[in-house]
Number of protein chains: 2
Amino acid sequence: MVNKIFQAEPNSFIQDVDWVLYSVDPVIFTFYRDELCVLLIKRSSPPYKGLWSLPGGRVDKKACANLEQALLAKLKSKTGIENIFFEQLATYGGSDMDPRGWSVATAYLALVHESELDINRLESEEPIRWWRLSEIGGDKPLAFWHEKMIRDAFVRLRDKSLYTDLPVNFMPNTFTYPMLKQAFEKILGTSISRQSFARRMDAAGIFEDTGERETGRNRPSPVYRRIHRGGSYVFPGIIKPK
Amino acid sequence: MVNKIFQAEPNSFIQDVDWVLYSVDPVIFTFYRDELCVLLIKRSSPPYKGLWSLPGGRVDKKACANLEQALLAKLKSKTGIENIFFEQLATYGGSDMDPRGWSVATAYLALVHESELDINRLESEEPIRWWRLSEIGGDKPLAFWHEKMIRDAFVRLRDKSLYTDLPVNFMPNTFTYPMLKQAFEKILGTSISRQSFARRMDAAGIFEDTGERETGRNRPSPVYRRIHRGGSYVFPGIIKPK
DNA sequence: ATAATAGTGTCTTTCAGACATTATGAT
DNA sequence: ATCATAATGTCTGAAAGACACTATTAT
């Protein structure tokens, strides 16, 4: 039980005025039906009841020792996801973000393959679903500052996709270069030549050929796997925007 | 006055358990006596009384509407600085950061020319001074997680100095290429050829020749000025580490 | 055989690093 | 005149973009 004013050490006072409301808010992107999508939950209680929002919220201070644990717990409870790539994006806050008081929220950029989340099998109290990024930001407002967080997350994703392998976190365990290339192209909004792309990926030395081949109508593509899960590769040059 | 449990909107309850302690902590770097330095204040009250710390702290919720205002207010009150470049670095938090309770802190990376801060003229209650970066992280612990924040801030500064003009924020209004080159070199820990450096800066088109010339013992260097204050330039290529 | 897609090789462009040569100002 | 440093020009190397040509699989 927290007292309004208490003394943790001699001469060390804390007052009500020193506390803020705090949330962690993951911006979870995936490619769903070949479109870049973000996961949103419809709020069932005030404030912003009925509006769509990021699957985040308050931290369980007893259960979580730090921010990373708080985020993982939130992902587990709201989406069921346990294995996911994420990185801290930015922290937002002020008097106008939450009508309940001066509040602070840390947004995380998270990337998954859609198979990691079976929305239909998820027993959620609130409606939850993927929204195409193009659907965000029109006349349908989101709760809190979540729309800005999603915009900022996309900018981070797009900028880092020019010089890192960030989009491989959208791939399943094994994948082909055409699949990965398409992810880069959708994120960057440009087309990339097949040859340049393969050369860039081969030179990175971060993928290994599984020996398998795609099955399809045409010449099959080799199936690759990441050599090291986790971590991030920085390419020596950037993709040049046209 | 904040109640322990109150109802801001129907069915919207907030409990003590939802609050955290919150601080903003600027990592202020400068070149002082040709060395990269960070500004620290000696704490005069618990916790961590007597340890050196970043010039940050709790947010005055009444006076500050958002995080940026909170940071600017903190910079003004602790250091007197009003004009400074800064960007948000990262947010840290957990149960072990502050003995007074579960707390969250947002660190900012801030860069200034040393002339912006006259420490001697500053009437501060606590001792305040520049510390060489090489002095941080030995047997002298810092308060809270400030040592990690400083490390992370330096990594951000070093990484971004490879492909942006971030170090120009260390310069006074007018400066020479040799001055700026030295800043890049100290940050990156490498030497840069004078010719490559000048070509890179000229091509960026972000500086203008003031027409003035340095006075010194040798052939004088042109004195430049940033064309646009604020903003950040991203070079087309990166400085190649040797 | 044809269509569709993948792989290989080569040329061009961009930009950083290195170095030689020339220029300028203080002493 | 000498020294220290700045400016200019040229060559090299790394890596991306573009394109022609060849290879492979399904139909």
Side-chain angles (χ1 to χ4, degrees), chain A residues 34 158-165 167 174-185 187-224 233-242, chain B residues 34 158-165 167 174-185 187-224 233-242:
Chain A
D34 285 341
R158 176 158 49 72
D159 288 352
K160 286 191 79 166
S161 294
L162 286 173
Y163 61 94
T164 73
D165 67 343
T174 63
F175 55 90
T176 65
Y177 279 178
M179 288 165 62
L180 181 56
K181 182 166 98 79
Q182 194 190 16
F184 272 93
E185 288 174 331
I187 293 163
L188 296 173
T190 65
S191 63
I192 304 170
S193 96
R194 185 168 40 83
Q195 297 90 334
S196 295
F197 186 82
R199 193 206 306 144
R200 186 175 167 91
M201 296 304 139
D202 289 344
I206 53 179
F207 306 124
E208 59 184 5
D209 193 331
T210 62
E212 292 172 59
R213 291 293 174 272
E214 195 186 27
T215 67
R217 297 167 312 174
N218 311 109
R219 176 171 177 171
S221 192
V223 176
Y224 292 91
Y233 180 79
V234 178
F235 294 103
I238 68 163
I239 297 173
K240 298 185 187 176
K242 266 165 278 189
Chain B
D34 285 342
R158 176 157 48 73
D159 288 353
K160 287 191 80 166
S161 294
L162 286 173
Y163 61 95
T164 73
D165 67 342
T174 62
F175 54 91
T176 64
Y177 279 177
M179 288 167 62
L180 181 56
K181 182 166 97 80
Q182 194 190 17
F184 273 93
E185 288 175 331
I187 294 164
L188 296 174
T190 64
S191 63
I192 304 170
S193 95
R194 188 168 36 83
Q195 297 90 333
S196 295
F197 186 82
R199 194 205 304 144
R200 186 176 168 90
M201 297 304 138
D202 289 344
I206 53 179
F207 306 123
E208 60 183 5
D209 193 330
T210 62
E212 293 172 57
R213 292 294 175 272
E214 195 186 26
T215 68
R217 295 168 312 173
N218 311 110
R219 177 172 177 173
S221 192
V223 176
Y224 292 91
Y233 180 81
V234 178
F235 294 102
I238 68 164
I239 296 173
K240 297 185 187 175
K242 266 165 277 190

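Computed from heavy atoms alone, side chains included, the values below leave out hydrogens, waters and symmetry copies. Within every chain, numbering begins at 1; the chains are lettered A, B, ... in the order of the sequence lines, protein sequences first and strands thereafter.
Screening A/Thr215, A/Asp209, A/Thr210 against A/Arg213 for a side-chain contact (heavy atoms from CB on, under 4.5 Å) leaves a single residue, A/Asp209.
Every residue two or more places apart in sequence or in another chain was checked for a salt bridge (charged side-chain N to carboxylate O under 4.0 Å, His left out) with A/Asp34, and none qualifies. Scored by the side chain to side chain donor-acceptor pair (under 3.5 Å) test, A/Gln195 finds no partners at all (sequence neighbours excluded). Among residues two or more places apart in sequence or in another chain, the side chain to side chain donor-acceptor pair (under 3.5 Å) test is passed with B/Tyr177 by B/Asp202. Listed by chain and residue number, A/Lys181 satisfy the salt bridge (charged side-chain N to carboxylate O under 4.0 Å, His left out) test with A/Glu185 (two or more places apart in sequence, or in another chain). Partners of A/Ala203 under the side chain to side chain contact (heavy atoms under 4.5 Å, CB included) rule, at least two apart in sequence or in another chain, do not exist in this structure. Residues passing the side chain to side chain donor-acceptor pair (under 3.5 Å) test with B/Thr190, sequence neighbours excluded: none. Looking at residues two or more places apart in sequence or on another chain, you find no salt bridge (charged side-chain N to carboxylate O under 4.0 Å, His left out) involving A/Glu214. Residues passing the side chain to side chain donor-acceptor pair (under 3.5 Å) test with B/Ser196, sequence neighbours excluded: B/Ser193.
Interface limits on DNA chain D: the 5'-most and 3'-most nucleotides within less than 4.0 Å of chain A heavy atoms are D/dA15 to D/dA26. The outermost nucleotides of DNA chain C lying under 4.0 Å from heavy atoms of chain A, listed 5' to 3', are C/dA4 to C/dT14.
Taking for each of B/Lys240 and A/Lys240 the nucleotide of DNA chain D with the nearest heavy atom, the 5'-most of the two is the partner of B/Lys240. In terms of position along DNA chain C, the nucleotide closest to B/Ile238 lies nearer the 5' end than the nucleotide closest to the other residue of the pair B/Gln195 and B/Ile238.
Minimum interatomic distance between A/Thr176 and A/Pro222 (heavy atoms only, all atoms of both residues): CG2-O, 3.6 Å. Closest approach of B/Phe184 and B/Ile239 over heavy atoms only: CD2-CD1, 4.0 Å. Residues B/Ile238 and B/Arg200 come closest through the heavy atom pair C-NH1, 3.8 Å.
Atom-to-atom distance recorded for A/Gln182:CD and A/Ile187:CD1 is 10.5 Å, nearest 0.5 angstrom.
Listed in residue order, the members of residues 197-214 of chain B having a heavy atom less than 4.0 Å from DNA chain C are B/Arg199, B/Arg200.
Over its full length, the helix from C/dA1-D/dT27 to C/dT27-D/dA1 turns its helical axis through 10°, comparing axes from the five pairs at each end and rounding to 10°.
Among the heavy atoms of the strands, none lies under 4.0 Å from B/Ile192.
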